[in-house]
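See structure below.
Predicted model, so just to flag it, every value in this text is computed and none were measured.
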Amino acid sequence: MRILVYLPLLLPLLAPLGARQLSERCEPRLATWLLTVSSLVLAVASTLSLGLLAVTGLTRVPLIAGPGHWSLSTARRDDPTELSVAVLAGLLLGGALVMAARMLWRRAGSLAAAALDAACMPSRDGLVVVDDPAPDAFALPGLPGRVVVSTGMLHTLDEAEHAILLAHERAHLAAHHYAFVALAQLGAAANPLLRPLATAVTYTTERWADENAAVVTGDRGRVARAVAKAALAARDTPARSRLPGAALGILGRRRTRLATAGPVPRRVAALLAPPLGRHRLLAAATAAVLLTATWSSAEAAHDLHKLLETIGAS
């Protein structure tokens, strides 16, 4: 545990670099999977490391060491972790668990609310048209999900662009993009250093849906124009007061105005460029980081087990 226990706490520092490389250079579907898995694995590994460090502090507490028949003198001699480090790890562990539980509760609530809203919406082939002059469109997860489009958005786009819009939104539902976003955000809640990964997943799910629309329509340039046109139409439109928290749309997830969001120009530029491939080197590097985090956590847990056996036998 002298070094390995700290490695999962340091690897999340690579999150900004990894998020940027994967989101910009890797095919969106693969990037989404790699980013989401990375957020979860690194969050679990770092949380486990905090737990291991906190446990080492407990071995020096007489009230706990007594029932466990642990030797305090042996624990102080063989445990390389400073007590102050163990206490800090315990505090960070508590914060990580609380924030993760809070995020899990909020996301479960938003998904449940979205499913209830979807179930109450009369639709035709899963499409719901709402009478609203503000241009907006989003996919609402549920059993089944719904594609919600405002009359303002329909008036903004032409007939060919309507097909692009529907292909984009239906891709969100078919591939369960809301689950990827929720899981990545859960990892970031447990470890704030992983927030770039969660932000990147929100972007790559939109890119994934864009590419699906390009495949369905066979015209990447037209898809790019539709995304840009919808964003420009929404530029001066106030955000919906009650946009469901689990919704995903062609304009991207928003808390403020969608058209001012940085990812929209990046998506348009990506659609005007040739499709990205599966960057094997990036995928291999990501897998190496995740395997390192998993291995180091497992080895640190094994070392702690040996420490407990040692102080128990003394």
Side-chain angles (χ1 to χ4, degrees), residues 28-29 32 36 103-157 161-186 189 198-199 201-217 223 226-227 229-231 233-234 237-259 261 263-264 267:
R29 179 171 57 179
T32 300
T36 303
M103 174 58 71
L104 184 61
W105 176 261
R106 289 177 58 189
R107 294 302 298 176
S110 66
L111 288 172
L116 181 60
D117 287 346
C120 296
M121 288 181 175
S123 67
R124 182 175 181 180
D125 295 330
L127 175 64
V128 178
V129 178
V130 295
D131 187 10
D132 187 344
D136 207 353
F138 54 89
L140 197 61
L143 299 172
R146 297 283 189 268
V147 173
V148 182
V149 183
S150 70
T151 53
M153 181 63 81
L154 293 177
H155 293 154
T156 297
L157 305 178
E161 291 165 342
H162 290 172
I164 293 172
L165 175 68
L166 292 178
H168 179 103
E169 303 302 345
R170 284 170 175 161
H172 280 317
L173 294 176
H176 307 288
H177 289 169
Y178 56 88
F180 289 98
V181 173
L183 291 173
Q185 289 179 343
L186 179 61
T199 301
V201 168
T202 302
Y203 170 74
T204 57
T205 53
E206 293 300 334
R207 285 280 299 113
W208 185 348
D210 288 342
E211 292 294 337
N212 183 81
V215 170
V216 170
T217 60
V223 175
V227 172
K229 190 175 178 181
T237 303
R240 291 173 61 92
S241 59
R242 190 176 175 270
L243 186 66
L248 293 169
I250 194 170
L251 296 173
R253 290 172 56 82
R254 65 170 172 176
R255 294 180 184 273
T256 55
R257 294 176 184 175
L258 289 170
V264 173
R267 289 166 54 199

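Annotation for Ala118 and Pro141: closest pair CB-O, 4.1 Å, computed over non-hydrogen atoms. Taking every heavy atom of both residues into account, Ile164 and Ala226 meet most closely at CG2-CB, 4.1 Å. Residues Pro28 and Thr204 approach most closely at CB-O, 3.8 Å, considering heavy atoms. Of all non-hydrogen atoms in Arg107 and Val181, the two that sit nearest each other are NH2-CG1, 4.4 Å.
Taking CZ of Arg146 as the reference point, atom CZ of Arg170 lies at 11.5 Å (rounded to 0.5 Å). Distance check, rounded to the nearest 0.5 Å: CG of Leu140 to CG of Leu248 gives 10.0 Å. Atom CG of Leu157 sits about 10.0 Å away from atom CG of Leu166, to the nearest 0.5 Å. Between Leu186 atom CG and Thr36 atom OG1 the span is 11.5 Å, to the nearest 0.5 Å.
By the 4.5 Å heavy-atom criterion applied to side chains, Leu154 and Thr156 are not counted as neighbours. Considering only heavy atoms from C-beta on, Leu111 comes within 4.5 Å of Tyr178 through its side chain. Residues Val227 and Val264 have side chains in contact (heavy-atom distance under 4.5 Å, counting atoms from C-beta outward). The side-chain heavy atoms of Val148 and Met121, taken from C-beta on, include a pair separated by under 4.5 Å. Inter-residue side-chain proximity for Leu127 and Val129 is flagged as met; some heavy-atom pair is nearer than 4.5 Å.
Using bins of under 30°, 30° to 60° and over 60° for the plane-to-plane angle, the ring pair Trp208/His177 lands in the tilted bin.
Taking the salt bridge (Lys or Arg N to Asp or Glu O under 4.0 Å) definition, one finds that Glu161 meets it with Lys229, sequence neighbours left out. The salt bridge (Lys or Arg N to Asp or Glu O under 4.0 Å) search around Arg207 returns Glu211, not counting sequence neighbours. Checked against side chain to side chain contact (heavy atoms under 4.5 Å, CB included), Ala137 has the following partners two or more places apart in sequence or in another chain: Val149, Met153, Leu165, Glu169.
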| task | Go through the steps for Val128 and Val147 under the test side-chain contact (heavy atoms from CB on, under 4.5 Å), then give the verdict. | result | CA-CA 6 Å; Val128 178; Val147 173; over 6 Å; no
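Under 3.5 Å, the side chains of His168 and Asp210 contain a donor-acceptor pair of N or O atoms.
Under a 3.5 Å cut-off, the side chain of Thr32 and the backbone N or O of Val201 do not form any donor-acceptor pair. Looking only at distances, a side-chain donor or acceptor of Ser150 sits under 3.5 Å from a matching main-chain atom of Ala134. Within the 3.5 Å criterion, the main-chain N or O of Ala209 finds no donor-acceptor partner in the side chain of His172.
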